[in-house]
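Structure first, commentary second.
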Number of protein chains: 2
Amino acid sequence: MARAAGVSESTVSRTLRDPTLVAEATRQRILAAVAATGYVPSYAARALASGRADVIGVLVPSVTNHVFTDVLEGIYSGIEGTGFDIQHGNTRYQPELEEGLLRVFLSQRPAGMIIAGVDQTDTSRRLLADAQCPVVQIMDIGPEPVDMMVGFSHEAAAHAATRHLVDAGYRNVAFLGAQMDPRTLRRFAGYRAALSEAGMFDAGRVETTADPSSVTAGAALFARLADRCPEVDAVFCNNDDLALGVLFEALRRGFDVPDRLGLCGFNDFEFAAASEPGITSVRTNRREMGRRAVELLLGRLDGTDPAARVVDLGFEVVARRSTAGRAAMPA
Amino acid sequence: MARAAGVSESTVSRTLRDPTLVAEATRQRILAAVAATGYVPSYAARALASGRADVIGVLVPSVTNHVFTDVLEGIYSGIEGTGFDIQHGNTRYQPELEEGLLRVFLSQRPAGMIIAGVDQTDTSRRLLADAQCPVVQIMDIGPEPVDMMVGFSHEAAAHAATRHLVDAGYRNVAFLGAQMDPRTLRRFAGYRAALSEAGMFDAGRVETTADPSSVTAGAALFARLADRCPEVDAVFCNNDDLALGVLFEALRRGFDVPDRLGLCGFNDFEFAAASEPGITSVRTNRREMGRRAVELLLGRLDGTDPAARVVDLGFEVVARRSTAGRAAMPA
DNA sequence: GTGAAAGCGCTAACAG
DNA sequence: CTGTTAGCGCTTTCAC
């Protein structure tokens, strides 16, 4: 390659890394030769020689759950034009897999790591803490960031959503959950706390599955719940998928939403606003979360120390017709 | 590291690559030292020294569209336990971005590449053809694979779905499309051909948007269509998202599905079976597609030549209640 | 503005 | 089974 352009290796290297370091004419000649030969520099050699990888590792538990794909979107858009690449791994909700992937990723000496959740194994935490790169935990917040965090409190969000159902006049509020990962469990805790405070908690009105969240699962869980607890007049779903399934199952059973049944989902997926009736949900700023995670990482790499190590992006209960039912009615 | 265990570099290397090459005692000592020091080998150095990367590059146009996340699931599950890693890029439906990412990926000398679609730019095709690794194009099939292909004919699938609507007794069948990527256009061609053959094609009954597919978009497109063409009695949607939006909009307008309006989606997303009524859709084997792509790649790397360079996974029109309307009625 | 030389941290023969 | 010896293809001082 260097020979093809009649210059030394170093000049080619310079041209490719920072064209301004090279004289116009030389640059032209080199770029022409690169185009002609279809030369593509070796990433491994560059990484080894420079000691930098320009890769940001991203570890999430699922690639099919919209919750994470939205965050990924945010990360991709935040990274665009920065010269960094994303290396993306799928931990499939398995801590051991996460640990393994973490090792693989760290062996690439990434410029930074973004990892979902705050519930890593001890080993994973240590690997992250020892990593010679900034780390951002996303999706959740907690008291002990490995390094930085950007997320929101799932417990507080679920508490607010449940409270909204109570305020809307519903009295027998059930909980539907899937996957049962740590964030789901924290949402359940929020639900439970809100109902306990209102003196309305009933452990029987809970239906869950370890399967992934889906519309089908929502319908099935609600069918079981409705058969078992006919007195239930509202459902808080751990995910909008489930809520949509409940909506369809309610339709099949002739339960009016929101009159006979109040319905609240979580995550405010796009369809929640478009459905009929609209489904009340909890909006979380997932794209923003991805962008901020990248921002924190890049900031640290620039030497800027972040204002805060833990960024709480908050949430918002978006009330729609699915919970409009009992508000106007006599209690 | 080698020093910490009191052995030579090569022995450490061997232990980490293939523990059986090393004596039990030595291995123990080395592994202990690795654990104690938290040593993680440099990926770049290994890749450079061995000339292999053990990375499979995957390029898809979107990480939020379920169509691609399903394929990714298949790829991840196919790769599991093989020792290969996935490097995943997001081309955002932009050919120039695809080209750029392709360069980045190839500079890592991947063991293989999986890339969505058959419509790469000339430059991208050349890069792929020149790449020193097997390449699988997925999602679609066509006459000229760069190397290998696994997918199905979008035109044939849309043709069959449209034909199903006609056979069900619908006469004024509209088309709703979003994103308008090459595969969408091919589906439109299939729709058009099927209706033309039946003498029912009307260019006015088409409503599209360049925005990504979504439930909201489906509702909006149908609202526009229904206002403009009240005679429409069935809709073929380019994606199930859109179909769900149509279902909700039909509900708002008091159009019975399937009596007043036949509805057919595409992709057979999970919710199509769970909705009320169930939405007729076209099932495509996306997870299988991902798995087969990995299989083809690994096969080639093993030296096995594939039986066929182009694998057609086919499709299946899954008839549900949303298209049960006019069948029993007099035409 | 450009070239020469010295590695980056591993792997891959080849001995022993 | 283990150590030794060369690089892999770049980047990076340091001269010129």
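Computation of the quantities below employed the complete heavy-atom set of this structure, encompassing side-chain atoms and omitting hydrogens, waters and symmetry-equivalent molecules. Residue numbers begin at 1 in each chain, while the letters A, B, ... track the order of the sequences.
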*Reading DNA chain C 5' to 3', what string of ( ), [ ], | and . shows its pairs, if Watson-Crick and G-U wobble pairs count only when both distances fall under 3.5 Å?*
|||||||||||.||||
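One atom, CD of A:Q28, and another, P of C:dG1, lie 15 Å apart when rounded to the nearest Å. Separating the CZ atom of B:R29 from the C1' atom of D:dC1 is a distance of 12 Å, rounded to the nearest angstrom. As a whole-Å value, the separation of B:D18 CG from C:dA12 C1' is 14 Å. Atoms CD1 (B:I30) and P (D:dT2) sit 7 Å apart, rounded to a whole Å.
Formation of a donor-acceptor pair under 3.5 Å by the B:R29 side chain with backbone atoms of B:A5 is found in this model. Put simply, the side chain of B:S13 never gets that close to the backbone of B:E9: no donor and acceptor are under 3.5 Å apart. The main-chain N or O of A:G142 is never found under 3.5 Å from a side-chain atom of A:E144 such that the two would form a donor-acceptor pair. No donor-acceptor distance shorter than 3.5 angstrom exists from the side chain of A:S124 to the backbone of A:Q120, with no hydrogens or angles considered.
Distance CG/B:L31 to OG1/B:T15: 6.5 Å, rounded to 0.5 Å.
Neither OP1 nor OP2 of C:dA4 sits under 4.0 Å from any side-chain N or O of A:S8.
Taking every side-chain heavy atom of B:A23 into account, D:dC1 is the closest of C:dG3, D:dC1, D:dG3. Residue A:V7 places its side chain closer to C:dG3 than to any other of C:dG3, D:dT2, C:dG1.
For B:E99, the side chain to side chain donor-acceptor pair (under 3.5 Å) partners are B:T121, not counting sequence neighbours.
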*For every nucleotide of nucleotides 9-16 of chain D, 5' to 3': is a protein heavy atom under 4.0 Å from its base (B), only from its sugar-phosphate (S), or from neither (-)?*
BBBB----
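Ion pair B:R92/A:E73 flagged as a salt bridge, since at least one NZ, NE, NH1 or NH2 atom sits closer than 4.0 Å to an Asp/Glu carboxylate oxygen.
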*asked:* Checking B:H154 against B:F152 for the ring-ring contact (aromatic ring centres under 6.0 Å, His included) test, could you report, in this order, the C-alpha distance in whole Å, the side-chain angles of both residues, the deciding distance, and whether it holds?
replied: CA-CA 6 Å; B:H154 290 255; B:F152 65 94; 4.2 Å; yes
